[in-house]
Chemist: 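Here it is, the structure in full.
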Amino acid sequence: MKTVQGLRTMVSKLLILPTTGTRTMAEAVPAFYGFAGPGTPEPGVPESSIPEPGERRTFEAGSADTAPSRVVLGGAEVDLFALQAAIDFIAARALRKDEAPLAVASANLDHINHFGAGSRWASVLGGDSGVPEGACSLEWLTLLDGAPLVSQAQRLTGRQWPRLAGSDLIGPLLDVATSLNLSVGFLGGARAAQESLKERLARERPGLLLAGFWSPSRDDLTDAEVSTGIAAEIAAAGVDILVVGLGKPRQELWIAEYGSLTGASVLLAFGAVVDFLAGRVKRAPEWVSSKGLEWAWRLALEPRRLARRYLLDGPPAYASLRINSSVVREQAEEQREQFVASAGVGCAPPPAGNRAFASAGQPADVAVLVVTYNNAQDVDLLIESLRAEAADQWLRVIVADNGSSDGTLEALARHGDVISFDTGGNLGYSGGINAAQQHCGDVKYLLVANPDLVIERGSVAALIRRQRYSKAGIVVPALLDEDGSIYPSLRREPSLTRAWADAVLGSHLPGRPAWLSEIDYDRESYQHAHPVEWATGAAMLIEAHLAEEIGPWDERFFLYSEETDLFRRAREAGARDWFEPAARMRHRRGGSGSSSALTALMAVNRVRYAEKHHGPASAAGFRGAAVLSEALRSYQHDHRPALRALLNKGSWEGLPHAVPAPGQNDDGGPASAFPAGSIIIPAHNEHAVIARSLRGLEPVAAAGTVEIFVVCNGCTDDTAEIARSFPGIRVVEIEQPSKTIAMDTGDSLATAWPRLYLDADVEVEPAAIEQLFRRLGQGDVLAARPDSRYDTDGATALVRAFYRARGRMASTKSGLWGAGAFALTREGRSRFGAFPPAQADDVFVDRHFSDAEKEIVACPPIKVHVPSNARTLVTVLGRTYRSNVQLLDYQANDGGSSGQSLRELLSSIRGPRTGVDAAVYVGFAVVARLRKRPTKATTWERDESSRG
């Protein structure tokens, strides 16, 4: 034992190997115990060419007595070694505990498919592998494997190189491990195979020190917490050489992510080597291997498992091998030094415990750009999470508000170190970002963040580390839904094949090939850092110089496709975009609803993007795919306007676009007159909410072109007095406490069209009224309501689940009911006489119009307050069902809406979470229907839990 330990010590002292993140694999290894590196001369080469200990050699192509030490094959870098040189090099590194671990991979066509040019994991291995705090965690050695790669390497270098498969190397490496008393562990393979291997090694290599066997499931490998625990177990076992047989690309990705935590000096990504060693899979005969036909042998043995690899993925990888191969003539070792140097670039670090943001005149590392629009309920959570991030780097937080009326700016004013301002209207997402960017000052990074994000601790620092180490232009984090599940935010560049496939398949068959889907659904993509083409724009870190180079966000898109355009322009500028899973942000998306006009805008903007970046023929192809997509989904109400918009390009100007403040046009000058119309507000004892609602209407009243009537019906409080205090508001009082009589009274007094019937507790923006009246003024629709969204803040989990399910139902995105507001043209109002003596007035009106005659206008959405608890929700639903019974009696309707609602609910189920929401919805509906009692009352009950 002492002799072996002395040998190990002597070798460790003699081996002087550099510890850079991107290593020249032609570094010298002293000729001791046969540790000969790539520089070891072939027979006949003078002994003087053997490098001295610690000497490094970079081989140049065309040298008389040497060959290139590294080549690029199919876009993947491969190190060229003789068999014994590779064994010696790996063994030498296994003895060095003071260096970064060495990860060894084999390059074949499957490797090119996963890690070569244009692949999902391109640039992940080597110098761009995982980035722990401050340094590269691994060094990669990629050896030549696969007959096509061997032939290509020979063509490039003019020299024959051996094929170094993991199954060829493992035997000699186990022999070396036995000689040097190095412990070996095995990760991967079935438990039965591991048991067979353990018995065989004990019999054939009794001197081998086995540290342990680990056989995790696939779910374990994609669980960060479980994988970290496995790495800790391996470290505790004292493994020197870890054999990782998980299959490509999982084994390489796991090593890149967790390899440095295992404590192993060498990690061998050797695929099915456990099965080979255990004798469960037979190696191909020599005559088969020598002919380059081992792939056919393995395919014959395991056709189901290997058919896709060899028959589908193999040919494109071979084409890439022939196209994307070259000699690496110089091996620069500057990347890690540059990374370490850049880690200190920026401002002085914040003081311990810092939670303050940098002001406009102070230096900062990151400018956080946020665009708000009625986000008073969101901004405090975002800012608090940013304050925790301010402990790591100086942040300057800049918020551009697009004309909120819910007190967003007032909420921001409570944070004195946040720079917030009103943009003067609704400029859209791009316009808001551009406005915020004017206040950045001198910073190194821009962090664009949605206001409904909550940033997990350390995420900003993780984004910065990834940018610095991978020299990324844009870095995006992992986005989580409210329940903590990963949202599929990663996207691929739009192409005709993807557009047509997505049109036909939608979210079905998520495992289809990448060239048939724009969305990356693969769960493994969200476990590891890697380059991406683009991602949803909820959060992204942009290098400031890149942002300046590519220019402002394109405001023509207003909403949707603007981030697709930005990422494309970044790539065209030579930047690389990366995904960093260590940065995690929760994104509150559920329950916000949508509208048919926004669906139309999303479809149209895809075509606009194609027209901007492609020729007329390709743009026509994208438009055809969009038409097909909307036509196939036209059974859903909100997709029909999208189909009409795609077929009628002249209607695009009527889609949502930048809206200036009242009194201004798009250039900031005087605007045309606010469109004429009338607003009728029935009010019964609305003391608690009437002022809040009328305050938002003050700019409309001041415009002088809109009549506003508050009809107080049977009020016993001071609702009328409060309403009279607002200039421009006409107050009428009637004795009957009836909403429908109040609406008829307002109709008798109003003179202008169109007319908006508005509940007294509804807050609606001037911009929404303007867009609503202008839309109805075009004459092709007779009835409309503003867009709306459910406000579930403060509601219990069951109530939130109910409204998530309701928000996914098609009729909620196309009906006039449910928002407390609807508007009619003169022709539309002529469809019926007096409003019925039933509380469901909005349902009554909705049934008078076909889908083509009514529309949900994309505009600043009305916030629909929902009950805060289950008991109140059941009461409100019972009132709704009683109202529908009254309406059926009044209209003698067939009452077929229940079956339609059930069909919509079932069609909205897309997975376990949506299924649970649908079940909750059904539960509430059943309970409320059982508890409903018929009534003939003309006054309406209301939800007091959400008022105030």
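Everything numeric in this text was worked out from a predicted model, so none of it was measured. Numbers for residues simply follow the sequence, beginning at 1.
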Chemist: What donor-acceptor contacts under 3.5 angstrom involve side-chain atoms of residues 531-543, with partners at least two apart or in another chain?
Modeler:
unit_1, atom_1, unit_2, atom_2, d
Glu533, OE1, Glu493, N, 2.5
Trp534, NE1, Arg492, O, 2.9
Glu543, OE1, His545, N, 3.0
Glu543, OE1, Leu546, N, 3.0

Chemist: Can you check side chain to side chain donor-acceptor pair (under 3.5 Å) on Arg120 and His530, steps first, answer last?
Modeler: CA-CA 7 Å; Arg120 177 175 24 166; His530 62 95; over 6 Å; no
Chemist: Please assess Leu277 against Phe186 for the test side chain to side chain contact (heavy atoms under 4.5 Å, CB included), listing each intermediate value before the final yes or no.
Modeler: CA-CA 11 Å; Leu277 289 175; Phe186 290 86; 4.0 Å; yes
Chemist: Step by step, would you call Leu73 with Leu156 a side chain to side chain contact (heavy atoms under 4.5 Å, CB included)?
Modeler: CA-CA 10 Å; Leu73 300 178; Leu156 291 173; 3.8 Å; yes
Chemist: Report the C-alpha separation of Trp254 and Ser227 in whole Å, then their side-chain angles, then the decisive distance to 0.1 Å, and conclude whether the side chain to side chain donor-acceptor pair (under 3.5 Å) test is met.
Modeler: CA-CA 8 Å; Trp254 194 92; Ser227 286; 3.2 Å; yes
Chemist: Counting C-beta onward and ignoring hydrogens, is there a side-chain heavy-atom pair between Leu143 and Phe81 closer than 4.5 Å?
Modeler: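 Yes. Closest side-chain heavy atoms under 4.5 Å.
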Chemist: Of all the heavy-atom pairs spanning Pro172 and Leu169, show the shortest one and how long it is.
Modeler: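 Looks like CD-O, 3.3 Å.
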Chemist: Please tell me whether Ser525 and Asp520 have a donor and an acceptor in their side chains that are separated by less than 3.5 angstrom.
Modeler: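 The answer is yes; a qualifying pair exists.
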Chemist: Salt bridge between Lys248 and Asp110, side-chain N to carboxylate O under 4.0 Å?
Modeler: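 Here Lys248 does not pair with Asp110 in a salt bridge, since their nearest N and O are not under 4.0 Å apart.
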Chemist: Side chains of Val72 and Val78: closer than 4.5 Å at any heavy-atom pair?
Modeler: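 Contact flag for Val72/Val78 side chains = no.
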Chemist: Does the Ser119 side chain pair with the main chain of Gly116, one donor and one acceptor, at a distance under 3.5 Å?
Modeler: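 The answer is yes, because a donor-acceptor pair under 3.5 Å joins these two groups.
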Chemist: Supply the atom-to-atom distance Ser260 OG to Glu139 CD, rounded to the nearest 0.5 angstrom.
Modeler: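 Between atom OG of Ser260 and atom CD of Glu139 there are 12.0 Å.
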Chemist: Could you walk me through whether Arg569 and Asp554 pass the salt bridge (Lys or Arg N to Asp or Glu O under 4.0 Å) check?
Modeler: CA-CA 11 Å; Arg569 287 190 285 136; Asp554 192 335; over 6 Å; no
Chemist: Does a sphere of radius 6.0 Å around CD in Gln160 hold more than 12 heavy atoms from other residues, nucleotides or ligands, not counting ones at 6.0 Å or beyond?
Modeler: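 Check fails, neighbour count at 12 or below.
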Chemist: Which distance, rounded to the nearest 0.5 Å, do you find between the OG of Ser320 and the CD1 of Ile112?
Modeler: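 Rounded to the nearest 0.5 Å, the OG-CD1 separation comes to 6.0 Å.
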Chemist: Could you check whether any side-chain heavy atom of Val71 comes within less than 4.5 Å of a side-chain heavy atom of Leu80, counting everything from C-beta outward?
Modeler: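 Touching, per the 4.5 Å side-chain cut-off.
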Chemist: Within the 4.5 Å heavy-atom criterion, are Val607 and Leu646 side-chain neighbours or not?
Modeler: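 Counting from C-beta outward, Val607 and Leu646 do come under 4.5 Å.
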Chemist: Does the side chain of Leu164 come within less than 4.5 Å of Ser106's, by heavy atoms?
Modeler: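 No, their side chains stay 4.5 Å or more apart.
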Chemist: Taking the side chain as every heavy atom from C-beta outward, state whether Leu253 and Phe115 have any atom pair closer than 4.5 Å.
Modeler: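 Side-chain contact under 4.5 Å: yes.
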Chemist: Tell me whether Ser325 contacts the main-chain N or O of Gly74 through its side chain, where contact means a donor paired with an acceptor under 3.5 Å.
Modeler: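 Present.
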Chemist: Please report the interatomic distance CG(Leu261) to OH(Tyr258), rounded to the nearest 0.5 Å.
Modeler: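 Result: 8.5 Å between the selected atoms.
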Chemist: For the salt bridge (charged side-chain N to carboxylate O under 4.0 Å, His left out) test, which of Arg512, Arg491, Arg633, Arg606 pairs with Asp502?
Modeler: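 Per the salt bridge (charged side-chain N to carboxylate O under 4.0 Å, His left out) rule, the option paired with Asp502 is Arg512, out of Arg512, Arg491, Arg633, Arg606.
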Chemist: Taking only Lys NZ, Arg NE, NH1 and NH2, and the carboxylate oxygens of Asp or Glu, determine whether Arg608 and Asp565 approach each other closer than 4.0 Å.
Modeler: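 Between Asp565 and Arg608 there is no salt bridge, as every charged N stays at least 4.0 Å from the carboxylate O atoms.
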Chemist: Identify the heavy atoms of Leu149 and Ala107 that sit nearest to each other, and give their distance.
Modeler: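 So the minimum-distance heavy-atom pair works out to CD2-O, 3.3 Å.
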Chemist: Testing the basics here: between Ala619 and Glu611, what is the closest heavy-atom pair and its distance to 0.1 Å?
Modeler: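 It is CB-CG, 3.7 Å.
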Chemist: Under a 3.5 Å distance rule, please check whether Ser517 uses its side chain to pair with a backbone N or O of Ile519 as donor and acceptor.
Modeler: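 Checking the backbone N and O of Ile519 against the side chain of Ser517, a donor-acceptor pair under 3.5 Å is found.
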Chemist: Nearest 0.5 angstrom please: Arg70 CZ to Ser326 OG, how far?
Modeler: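 The OG atom of Ser326 is 12.0 Å from CZ of Arg70, to the nearest 0.5 Å.
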Chemist: Test Tyr469 against Arg465 for side chain to side chain donor-acceptor pair (under 3.5 Å), laying out the working first.
Modeler: CA-CA 6 Å; Tyr469 194 78; Arg465 285 198 305 272; over 6 Å; no
Chemist: If I compare all heavy atoms of Glu524 with all of Pro249, which pair ends up nearest, and what's the gap?
Modeler: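 That closest heavy-atom pairing would be OE1-CG, 4.4 Å.
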Chemist: Closer than 3.5 angstrom, by distance alone: can the side chain of Asp223 be matched with the main-chain N or O of Asp220 as a donor-acceptor pair?
Modeler: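 Checked: no pair found.
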Chemist: Which one of Leu187, Leu141, Val273, Val104 satisfies the side chain to side chain contact (heavy atoms under 4.5 Å, CB included) criterion with Leu268?
Modeler: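 Single pass found, and it is Val104.
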Chemist: What is the minimum heavy-atom distance between Ile230 and Pro216, and which atoms define it?
Modeler: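 Taking Ile230 first and Pro216 second, the nearest heavy atoms are CD1-CB, 3.6 Å.
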Chemist: Under 30°, 30 to 60°, or over 60°: which ring-plane class applies to Tyr609 and Phe557, parallel, tilted or perpendicular?
Modeler: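 Because their plane-to-plane angle lies in the 30° to 60° range, the rings of Tyr609 and Phe557 count as tilted.
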Chemist: Grab the two heavy atoms, one from Trp161 and one from Ala82, that are nearest each other, plus how far apart they are.
Modeler: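 Scanning both residues, the minimum pair turns out to be CZ3-N, 4.4 Å.
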Chemist: Applying side chain to side chain contact (heavy atoms under 4.5 Å, CB included), run through Leu109 and Asn113 and close with a yes or a no.
Modeler: CA-CA 6 Å; Leu109 287 180; Asn113 175 57; over 6 Å; no
Chemist: What distance do Asp522 atom CG and Leu490 atom CG have between them, rounded to the nearest 0.5 Å?
Modeler: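 It comes to 10.0 Å.
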Chemist: Can you check side chain to side chain contact (heavy atoms under 4.5 Å, CB included) on Arg568 and His613, steps first, answer last?
Modeler: CA-CA 9 Å; Arg568 183 186 181 106; His613 294 289; 3.3 Å; yes
Chemist: How long is the gap from CD1 on Ile241 to CG on Leu174, to the nearest 0.5 Å?
Modeler: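 So the gap between those two atoms works out to 7.5 Å.
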Chemist: Does NZ or CZ of Arg498 fall inside the cone over Trp500's six-membered ring, less than 6.0 Å from its centre and within 45° of the axis?
Modeler: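 The answer is no, since Arg498 fails at least one limit relative to Trp500.
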Chemist: Between the main-chain N or O of Ala547 and the side-chain N or O of Glu549, is there a donor-acceptor pair closer than 3.5 Å?
Modeler: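 Checked: no pair found.
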Chemist: Are any side-chain N or O atoms of Glu518 and backbone N or O atoms of Pro494, one a donor and one an acceptor, separated by less than 3.5 Å?
Modeler: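 A pair under 3.5 Å: no.
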Chemist: Are Leu509 and Leu516 close enough that some pair of their side-chain heavy atoms sits under 4.5 Å apart?
Modeler: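 No, side chains not in contact.
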Chemist: Short question: side chain of Arg250, backbone of Thr222 - any donor-acceptor pair under 3.5 Å?
Modeler: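 Pair absent, no side-chain N/O of Arg250 close to backbone of Thr222.
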Chemist: Please lay out, stage by stage, how Asp145 and His111 fare under the test side chain to side chain donor-acceptor pair (under 3.5 Å).
Modeler: CA-CA 9 Å; Asp145 185 14; His111 187 86; over 6 Å; no
Chemist: Answer yes or no: is there a donor N or O on one side and an acceptor on the other, between the side chain of Ser618 and the main chain of His614, under 3.5 Å?
Modeler: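 Checking the backbone N and O of His614 against the side chain of Ser618, no donor-acceptor pair under 3.5 Å is found.
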Chemist: Does the Tyr526 side chain pair with the main chain of Ser489, one donor and one acceptor, at a distance under 3.5 Å?
Modeler: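 Yes, Tyr526 side chain to Ser489 backbone: donor-acceptor pair under 3.5 Å.
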Chemist: Are Val266 and Leu173 packed together at the side-chain level, in the sense that at least one heavy-atom pair is separated by less than 4.5 angstrom?
Modeler: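 No, side chains not in contact.
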Chemist: Measure centre to centre between the rings of His114 and Trp121, then say whether the value is under 6.0 Å.
Modeler: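 Judged by ring-centre distance (under 6.0 Å), His114 and Trp121 do not meet the cut-off.
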